[in-house]
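Protein chains get the first letters and strands the later ones, always in sequence-line order, with residue 1 at the start of each. Since the structure is predicted, the reported quantities are computational estimates derived from the model, not experimental observations.
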Amino acid sequence: MKIMALNGFKDIVPSEVELWRKVENTGRDIFSRFNFSEIRMPILEKTELFARSIGEATDIVEKEMYTFVDKQITMRPEATASLLRAYIQHGLYVQKPVQRLFTIGPMFRHERPQKGRLRQFHQMDIEVLGTPNPRVDAELMAMGAMLLEELGIPVSLEMNSLGCPVCRPGFREILLTFIADRKNELCDDCNRRSTTNPLRVLDCKNPKCREQVEEAPSIQKHLCNDCDDHFASVQKGLDSLNVQYSLNKFMVRGLDYYTRTTFEFITSDLGAQAAVGAGGRYDGLVEKLGGPKVPGIGFALGMERLVLLLQQQEVKIDSAKVDLFVAGLGEKASEFAFSLAHTLRQNSLNIAMDYEGRSLKSQMKQANKLNARFVLIIGENELEQGHAVLKNMQTQEQQDIEIHSDNKEIASSLLLRCQ
RNA sequence: GUGGGUGUAGCUCAGCUGGUGGUAGCACCUGGUUGUGACCCAGGAGGUCGUGGGUUCAAGUCCCAUCACUCACCCCA
């Protein structure tokens, strides 16, 4: 029986890593343009951290976490809680009143895997701590849009406000009344949701529920003055940056901690997994985790989903080019090639060679497949006479190279010719 | 946790109403005169047909079970 990776856990093989690096490098580039600093946290945390931040009653905490029960530690199901824990633990709020942080790494949730959804998955997570300013909300969305645009991934941005502890409870009551009135029209799931998370009824996928919910009260019309002002300012900010978006009064969040602004970047090319990025404001969370009373906002991008989209678009990346393939013919020449290759590498050239004593034809084929720019052919006779042949694989030109001298001199002469 | 679909070479897949596993494509290796890649040609290697039962003279094919993968629901990035 072959040993295979766990269900929902995937290897990222070399041919895929190129795309992953593209996603990650583009992310890092954009984040630094917006003056974000990277932070890295451990993958294991105390279980309590997630229970407190994400919410005891959420599916994630109730049944999807990888927890070592005996030790009460858990592999993080998302990044925000860990990041805030680190932010509080190291007193980062003292060093800078507003912290702009990002982190990239794996998360773990024990869900049934499907397209764009794995048990170990990777996110780029961005958080701004310490400011309630609605411009930051707009700026974050604009940054996400910029990143996706530079990756060439078309998405739509949807936004909503979830209100705050002042106005949300009131809306919840209104919504509950609405749901109760249509109890018989709504699906079983929605009736269950009405007790667990009533807002969820708003984004049920069941067509019948959708129809019913069409006339549901809009939270956007039940915001308190502060939330309403904030919501308006965010929209003004987006407009001033020319970011396209639409308001979606049905969009809610699965995690308890969100307040006010909430948003998603949505694609239509990933089946059921429409959201490639999502986030929102969480003004009470830092305090709830034992930190100072500072507001925060953040979002996460699902890297698997981004990579899938790039794969679907058949985006190709140039693989790292080999500068020079050193082809040695016969034992003596191979030995010479072996040590010369090392010197060339010390001089920063990307060198490949054959180790199996294969024919020149075979070595040329390998060089070609590796996209080598040059091949240095070292034969037995030439080696004795102190020269070798340097072939430019593109132009097919060949020239004689002196190899009388020591490796260092050969290397510097090759460096010049391989520019 | 609940449903549907699919398991044949490293990958993508043919294989009809049961009758000897495909000259299939890609990839790989070796050749196509002396020491030169791409294109082309020839050859080669590579498989307990996911696994275990059952029906049958005979099972990749039919039945049952099981495992894996996959898509969707729930939930979520």
Legend entry - Phosphate OP1/OP2 of B:rC71 contacted by A:Gln114 side-chain N/O (<4.0 Å): no
Inset, instruction - Report the nucleotide, chosen from B:rG37, B:rC76, B:rA72, that has the shortest atom-to-atom distance to any side-chain atom of A:Lys115. - result: B:rA72
Legend entry - From B:rG35, B:rG37, B:rC29, nucleotide with atom closest to A:Lys369 side chain: B:rC29
Legend entry - Paired nucleotide for B:rG1 [Watson-Crick or G-U wobble; both distances under 3.5 Å]: B:rC73
Inset, instruction - State which of B:rG37, B:rU36, B:rA77 makes the closest approach to the side chain of A:Phe121. - result: B:rA77
Legend entry - Criterion side chain to side chain donor-acceptor pair (under 3.5 Å) on A:Gln120 and A:Arg109, from CA distance to verdict: CA-CA 7 Å; A:Gln120 176 177 336; A:Arg109 287 182 203 170; over 6 Å; no
Inset, instruction - Tell me what A:Leu301 touches on the nucleic acid: a base, only sugar-phosphate, or nothing, going by heavy atoms under 4.0 Å. - result: nothing
Inset, instruction - Fit a plane to each ring of A:Tyr282 and A:Tyr257, take the angle between them on a 0 to 90° scale, and name the class: parallel (under 30°), tilted (30 to 60°) or perpendicular (over 60°). - result: perpendicular
Inset, instruction - Could you pick out which residue, A:Asp59 or A:Ala5, lies toward the 5' side of RNA chain B when each is mapped onto its nearest nucleotide? - result: A:Ala5
Legend entry - Spacing of A:Arg373 atom CZ relative to B:rG37 atom C1', expressed in whole Å: 17 Å
Legend entry - Inter-nucleotide C1' distance (B:rG4, B:rG43), Å rounded: 46 Å
Legend entry - Side chain A:Gln396 and base B:rU36 donor-acceptor under 3.5 Å: no
Inset, instruction - For A:Gln398, report the nucleic acid contact type (base, sugar-phosphate, nothing); a contact means any heavy atom under 4.0 Å. - result: base
Inset, instruction - Please measure how far the C1' atom in B:rG3 lies from the corresponding atom in B:rA59, and state the result in whole Å. - result: 29 Å
Inset, instruction - Write down the distance between NE2 (A:His110) and C1' (B:rC76), rounded to a whole number of angstrom. - result: 15 Å
Legend entry - Atom-pair distance (NZ on A:Lys365; C1' on B:rG31), nearest Å: 9 Å
Legend entry - Minimum-distance nucleotide (side-chain atoms of A:Met364 versus B:rG37, B:rC75, B:rU2): B:rG37
Inset, instruction - Report which part of the nucleic acid A:Ala367 touches: base, sugar-phosphate, or nothing (heavy-atom distance under 4.0 Å, all strands). - result: nothing
Legend entry - Pairwise P distance, B:rC11 and B:rU17 [rounded to whole Å]: 27 Å
Inset, instruction - Please determine, for the side chain of A:Glu111, which listed nucleotide (B:rC76, B:rA72, B:rC29) has the closest atom? - result: B:rC76
Inset, instruction - Could you tell me the separation between the CG atom of A:Leu383 and the C1' atom of B:rG35, rounded to a whole number of Å? - result: 14 Å
Inset, instruction - Please work out if A:Leu306 contacts a base, only the sugar-phosphate, or nothing of the nucleic acid, heavy-atom cut-off 4.0 Å. - result: nothing
Inset, instruction - Once you apply the 3.5 Å cut-off to both distances, tell me the Watson-Crick or G-U wobble partner of B:rU61, or none. - result: none
Inset, instruction - Could you tell me how the ring of A:Tyr66 sits relative to the ring of A:Phe9: parallel (under 30°), tilted (30 to 60°) or perpendicular (over 60°)? - result: perpendicular
Legend entry - Sugar-phosphate only, base, or nothing, as touched by A:Leu308 at under 4.0 Å among non-hydrogen atoms: nothing
Legend entry - A:Glu382 (side chain) and B:rG35 (base): donor-acceptor pair under 3.5 Å: yes
Legend entry - Nucleotide of B:rG31, B:rG35, B:rA77 approaching A:Ser359 most closely (side-chain heavy atoms): B:rG31
Inset, instruction - Write down the distance separating the C1' atoms in B:rA14 and B:rG22, rounded off to the nearest Å. - result: 7 Å
Legend entry - d(CG, A:Leu270; P, B:rC71) in whole Å: 10 Å
Inset, instruction - With C1' as the reference atom in both, quote the distance from B:rG47 to B:rG15 in angstrom, rounded to an integer. - result: 15 Å
Inset, instruction - Could you check which nucleotide pairs with B:rU6 in any of the strands shown, counting Watson-Crick or G-U wobble with both distances under 3.5 Å? - result: B:rA68
Legend entry - Polar contact flag, side-chain donor to acceptor under 3.5 angstrom, A:Asp354-A:Gln366: yes
Legend entry - Whole-Å distance separating the CZ atom of A:Arg109 from the P atom of B:rG1: 18 Å
Legend entry - A:Asn7 vs B:rC69: side-chain N/O to OP1/OP2 distance below 4.0 Å: yes
Legend entry - Pairing partner of B:rG44 (Watson-Crick or G-U wobble, both distances under 3.5 Å): B:rC28
Inset, instruction - Mind calculating the distance between CG (A:Leu360) and P (B:rG31) to the nearest angstrom? - result: 11 Å
Legend entry - Nucleotide nearest A:Arg358 (side chain, heavy atoms from C-beta), chosen from B:rC29, B:rU36, B:rA77: B:rC29
Legend entry - Between B:rC49 and B:rG7 - C1' atom distance, rounded Å: 10 Å
Legend entry - Check: A:Phe36 ring centroid to A:Phe102 ring centroid under 6.0 Å: no
Inset, instruction - Using Watson-Crick or G-U wobble geometry with both distances below 3.5 Å, tell me the partner of B:rU33, or none. - result: none
Inset, instruction - Would you indicate what A:Gly279 reaches in the nucleic acid, counting non-hydrogen atoms under 4.0 angstrom: base, sugar-phosphate, or nothing? - result: nothing
Legend entry - A:Lys63 NZ - B:rC75 C1' separation (whole Å): 7 Å
Inset, instruction - Among the candidates B:rA77, B:rG37, B:rC75, find the nucleotide nearest to the side-chain atoms of A:Lys361. - result: B:rG37
Legend entry - Check: A:Arg305 side chain, B:rC76 base, donor-acceptor under 3.5 Å: yes
Inset, instruction - Could you please name the option among B:rU36, B:rG31, B:rU2 that lies closest to any side-chain atom of A:Arg112? - result: B:rU2
Legend entry - Contact nearer the 5' end of RNA chain B, comparing A:Gly379 with A:Pro113: A:Gly379
Inset, instruction - Consider the side chain of A:Arg200, meaning its heavy atoms from C-beta on, and name the nucleotide among B:rU36, B:rC29, B:rC76 that approaches it most closely. - result: B:rC76
Inset, instruction - Identify the heavy atoms of A:Ala327 and A:Gln363 that sit nearest to each other, and give their distance. - result: CA-OE1, 3.2 Å
Legend entry - Euclidean distance for P, B:rU6 against B:rC64 (whole angstrom): 14 Å
Inset, instruction - For A:Leu289 and A:Ala81, work out which heavy atoms get closest and say how close. - result: CD1-O, 4.4 Å
Legend entry - Nearest-Å distance once atom P is located in both B:rC39 and B:rC28: 10 Å
Inset, instruction - Kindly say if A:Gln363 contacts the phosphate of B:rU36, meaning a side-chain N or O under 4.0 Å from OP1 or OP2. - result: no
Inset, instruction - Can you label the angle between the A:Phe265 ring and the A:Phe299 ring as parallel, tilted or perpendicular, going by 30° and 60°? - result: tilted
Inset, instruction - Would you mind pulling out the nucleotide paired to B:rC13, Watson-Crick or G-U wobble, both distances under 3.5 Å? - result: B:rG22
Legend entry - Electrostatic pair A:Arg40:A:Glu38 at N-O distance under 4.0 angstrom: yes
